[in-house]
Undergrad: 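The structure's right below; bear with me while I get my questions together.
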Amino acid sequence: MAEQAIEVTNLTFEYPDTEEPVLKDISFSIDYGEILGIIGPTGAGKSTLAMCVNGLVPQVINGEMEGDIKVKGMNVHESNVAAMSEHVGFVFQEPENQLSQMTIEEEIAFGMGNLGVPREEMLGRIKDALSQVSLEGFEERSPLALSGGQQQRLAIAAVLAMRPTIMIMDEPTSMLDPKGKNEVYDVLKNLKAYGMTGIIIDHEVERIAAYCDKVLVLDGGEVQMFGTTEEVFTKIDRLHELTLHAPQVTEFLSQYNQQFDGKLDLATTVKKAVEVYESANK
Amino acid sequence: MKAQTNNGEGAETMQPYMSVKNVSHVYPNGVTAVKDIDLDIYEGEVVAILGSNGSGKTTLVKHFNGLLTPTKGEITVGGLNTKKEKISKLSSLVGYVFQNPNHQTFLPSVRKELEYGCTNLKMSESEMEERVNKAIELFELEDKLEDNPFDLNSSQRKEVAMASIMAVSPKVIVLDEPTTGQDHKGCKRVLDLVRMFKEHGHIVVLITHDMHLIGELNCRTIVMNQSRKIADDQADIVFSHKGIMKEAGLQPPQITSFANDLSNLDSSKTYLTVDSILSWIKENKEKKEEAVQIGSGS
Ligand SMILES: Nc1ncnc2c1ncn2[C@@H]1O[C@H](COP(=O)(O)OP(=O)(O)OP(=O)(O)O)[C@@H](O)[C@H]1O
Ligand SMILES: Nc1ncnc2c1ncn2[C@@H]1O[C@H](COP(=O)(O)OP(=O)(O)OP(=O)(O)O)[C@@H](O)[C@H]1O
Ligand SMILES: [Mg+2]
Ligand SMILES: [Mg+2]
């Protein structure tokens with residue numbers, strides 16, 4: 001197999017104060033230009049896995065790790081987190097933990113400063129990043145005088161301004177309004193067009209089904225399912241066993257089949273679901 | 001559009017329990033977060049507040065328990081003017097689960113946190129135990145009782161805050177984005193909690209971006225946009241207003257978009273849940289079968 005954007009092989013990880021590993025023998029890979037969605041119940045290990053991919057775990061957050069992680073062919077273990085941050089952008093699950101600076105402009109400049117982006121270039125990038133998250137005009141405001149969703153938008157903008165080639169986002173849309181959620185997924189899709197790679201963790205599966213190429217289902221620290229979006233979301237009984245759900249349209253088609261003895265294919269997006277249902281009910 | 005009680009009784013003849021009169025709020029930095037809001041909330045109502053990021057939802061509800069006071073206008077809760085009452089008095093009437101659980105203060109263990117609210121209410125030991133145990137059971141907190149809430153992640157901390165409000169059960173419960181970061185099971189639990197409060201006659205005010213939750217509840221829905229209230233109606237009616245939805249950056253649940261695109265559903269209705277479409281199909285099939293039987297019988 002040719003070099004993949006992200007290759008995880010036999011990854012096992014244990015925090016110092018836990019008795020059992022929180023990640024168990026995880027292997028998967030994603031190619032350049034692909035977007036991977038990670039889903040799973042609370043405590044499954046999604047955030048821990050994401051932080052292993054950029055080296056934050058175990059280099060900054062300690063624990064015992066086994067296995068191999070390669071990002072763009074580089075061994076994450078052998079590179080330090082600062083060096084990785086040139087390639088891998090990371091949006092944290094709790095945006096407030098990411099925010100620290102005095103004004104929104106400074107907040108965004110901070111990450112770029114660490115990468116050595118020249119000052120002249122910063123202003124343009126700040127403007128760009130703020131417009132991508134619809135926060136134009138907020139440059140001088142304090143990050144603390146923002147609403148919850150605005151803070152989350154800012155955390156995303158700060159990472160976008162660093163222009164990473166690999167983007168990892170841990171529940172980046174949890175506090176966003178529906179339009180904002182779509183915009184974040186659109187940003188990922190745009191990056192994809194440039195051959196960039198993304199990982200997104202989310203509890204809402206409808207957008208994952210519409211935007212991602214592959215889905216990894218994690219539970220109890222183990223990979224329960226890994227495949228294309230279609231493959232994963234049509235195995236609806238397996239998802240239910242894991243207390244998870246498929247997109248609403250898929251749930252509908254599945255229940256329709258059960259209640260009315262139908263044989264409809266399980267589509268995972270609105271457009272396909274409408275086609276499937278209409279062609280059977282003319 | 002006029003306010004309706006959930007049980008359909010004439011709202012006009014009833015006194016609202018909470019009343020927001022011409023309220024604006026300007027933050028110290030000069031940002032106007034809430035502008036000219038009028039809103040009456042009646043006994044037993046579940047009211048959702050939707051709207052885009054920064055539209056003023058959190059700022060508005062922080063007025064209900066006196067965390068903020070209006071810079072213009074007045075708010076009364078249970079007959080009390082929030083400007084004149086102590087926060088401690090108001091918070092015995094209005095329980096609030098913060099959007100950001102880092103802003104909520106907690107006692108050093110989950111058990112202490114759950115018991116604390118009840119000890120303020122002068123109830124018997126046995127009643128307190130019963131209430132706390134019910135909350136522990138619903139939120140599956142058995143293994144976390146001795147944990148410090150500070151060590152939990154934010155969605156877990158939010159659950160602890162909800163459990164402790166459930167134990168206290170104040171008249172009004174304000175939930176600011178209760179399903180944020182929750183998995184499927186957690187979202188279902190929030191839905192159950194809201195329904196339980198409603199059954200027991202509480203007022204629930206709920207801010208959310210979770211359209212599935214609103215679809216399931218189909219409750220009275222306020223839409224905020226740029227600090228103002230732009231709609232106040234039942235969720236299915238709000239969701240059918242394309243202009244309002246667009247203006248406020250809203251999107252109905254996926255199943256509603258699906259139903260809207262189907263050609264053979266009853267187009268005068270807005271379907272908010274998977275079950276509502278399935279029931280319609282079932283009824284329709286039964287009607288057709290009846291028609292066939294009548295047809296063949298004659
Ligand atoms: N720093 C830490 N030290 C010890 N245990 C931890 C630490 N961080 C997480 N854990 C534990 O590891 C497990 C996996 O946690 P993780 O945060 O990766 O889950 P998650 O799938 O991201 O959950 P959520 O959906 O709630 O964000 C959980 O049991 C959690 O309690
Ligand atoms: N502490 C503060 N100081 C100054 N301005 C603030 C403060 N908190 C919020 N704001 C501003 O007030 C407006 C309303 O914010 P609010 O938090 O009420 O929005 P919201 O509707 O709850 O949004 P979200 O969906 O993102 O939580 C926004 O423009 C926000 O930037
Ligand atoms: Mg997580
Ligand atoms: Mg808010």
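Chain naming here is simple, since letters A, B, ... match the order of the sequence lines and numbering starts at 1 in each.
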Undergrad: Ion pair present between B:Asp183 and B:Lys188, side-chain N to carboxylate O less than 4.0 angstrom?
TA: no
Undergrad: Is A:Glu107 close to A:Leu154 at the side-chain level, that is, under 4.5 Å between some pair of heavy atoms?
TA: yes
Undergrad: Can you label the angle between the B:His25 ring and the B:Tyr27 ring as parallel, tilted or perpendicular, going by 30° and 60°?
TA: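 Perpendicular.
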Undergrad: Answer yes when A:Lys127 and A:Glu139 have at least one side-chain N-carboxylate O distance shorter than 4.0 Å, and no when they do not.
TA: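 Salt bridge flag = no for A:Glu139 with A:Lys127.
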Undergrad: Closer than 3.5 angstrom, by distance alone: can the side chain of A:Gln152 be matched with the main-chain N or O of A:Met175 as a donor-acceptor pair?
TA: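 Answer holds: yes.
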Undergrad: So, do A:Asp213 and A:Leu36 sit near enough that their side-chain heavy atoms are less than 4.5 Å apart?
TA: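 Of all side-chain heavy-atom pairs linking A:Leu36 with A:Asp213, none is under 4.5 Å.
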Undergrad: Parallel, tilted or perpendicular, judged at 30° and 60°: which one describes the rings of A:Phe13 and A:Tyr15?
TA: perpendicular
Undergrad: Give the member of B:Gln156, B:Lys57, B:Gln99 that has the highest number of heavy-atom pairs under 4.5 Å with chain A.
TA: B:Gln99
Undergrad: A side-chain contact here means heavy atoms from C-beta on lying under 4.5 Å apart; do B:His241 and B:Phe239 qualify?
TA: no
Undergrad: Looking at A:Lys272 and A:Glu275, is there a salt bridge between them, counting it only when a charged N and a carboxylate O are closer than 4.0 Å?
TA: no
Undergrad: Looking at A:Leu244, A:Leu176, A:Ile39, which one has more heavy-atom pairs under 4.5 Å with chain B than the rest?
TA: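 Between A:Leu244, A:Leu176, A:Ile39, the count favours A:Leu176.
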Undergrad: Closest heavy-atom contact between A:Val215 and A:Val232?
TA: O-CG2, 3.8 Å
Undergrad: Closest heavy-atom contact between A:Ala157 and A:Ile108?
TA: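 Residues A:Ala157 and A:Ile108, closest heavy atoms: CB-CD1, 4.0 Å.
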Undergrad: For a quick test of reading the model, state the closest non-hydrogen atom pair linking A:Ala209 to A:Pro247 and the distance between them.
TA: CB-CG, 3.6 Å
Undergrad: Okay, side chain of A:Thr228, backbone of A:Glu231: is any donor-acceptor separation there less than 3.5 Å?
TA: yes
Undergrad: Considering heavy atoms only, which positions within residues 206-214 of chain B lie below 4.5 Å of chain A?
TA: B:His209, B:Met211, B:His212
Undergrad: Residue by residue, scan residues 140-149 of chain A and write down, ordered by number, those that have a heavy-atom distance under 4.5 Å to chain B; if none do, write 'none'.
TA: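 Residues of residues 140-149 of chain A touching chain B at under 4.5 Å: A:Arg141, A:Ala145, A:Ser147, A:Gly148, A:Gly149.
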Undergrad: Taking everything shown except B:Glu137 itself, do over 12 heavy atoms lie less than 6.0 Å from its CD?
TA: no
Undergrad: Who wins among A:Arg153, A:Glu204, A:Lys271 for the most heavy-atom pairs under 4.5 Å with chain B?
TA: A:Arg153
Undergrad: Short question: side chain of B:Arg157, backbone of B:Leu152 - any donor-acceptor pair under 3.5 Å?
TA: yes
Undergrad: Answer with side chain, backbone, both or neither: which region of B:Thr58 has an atom nearer than 4.5 Å to a non-hydrogen atom of chain A?
TA: neither
Undergrad: With chain B as the partner, which of A:Val249, A:Asn281, A:Thr243 has the greatest number of non-hydrogen pairs under 4.5 Å?
TA: A:Val249
Undergrad: Between the side chains of B:Glu177 and B:Lys158, is the shortest nitrogen-to-carboxylate-oxygen separation below 4.0 Å, so that they form an ion pair?
TA: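 No salt bridge links B:Lys158 with B:Glu177.
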Undergrad: Quick one: which residues of residues 251-260 of chain B reach chain A at under 4.5 angstrom, heavy atoms only?
TA: B:Gln251, B:Pro253, B:Gln254, B:Ile255, B:Ser257, B:Phe258
Undergrad: Given a strict heavy-atom distance threshold of 4.5 Å, which part of B:Asn153 is in contact with chain A: side chain, backbone, both, or neither?
TA: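 When you check distances to chain A, atoms from both the backbone and side chain of B:Asn153 fall under 4.5 Å.
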Undergrad: Residues of residues 40-48 of chain A under 4.5 Å from chain B (heavy atom pairs)?
TA: A:Pro41, A:Thr42
Undergrad: Heavy-atom distance under 4.5 Å to chain A: side chain of B:Asn29, backbone, both or neither?
TA: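 For B:Asn29, side-chain heavy atoms alone lie under 4.5 Å from chain A.
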Undergrad: Does A:Lys24 come within less than 4.0 Å of A:Glu20, counting only side-chain N to carboxylate O?
TA: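 Salt bridge: yes.
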Undergrad: Below 4.5 Å, heavy-atom pairs only: which of A:Gln255, A:Glu96, A:Lys179 has the largest tally toward chain B?
TA: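 Of the options given, most contacts go to A:Glu96.
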Undergrad: Which atom pair, heavy atoms only, marks the closest approach of B:Asp236 to B:Thr270?
TA: O-OG1, 3.6 Å
Undergrad: Tell me, do A:Asp170 and A:Phe92 make a side-chain contact under 4.5 Å, heavy atoms counted?
TA: no
Undergrad: Hey, does the Lys NZ or Arg CZ of B:Lys285 hover above the aromatic six-ring of A:Phe260, less than 6.0 Å from the centre and inside 45° of the axis?
TA: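 Yes, a cation-pi geometry.
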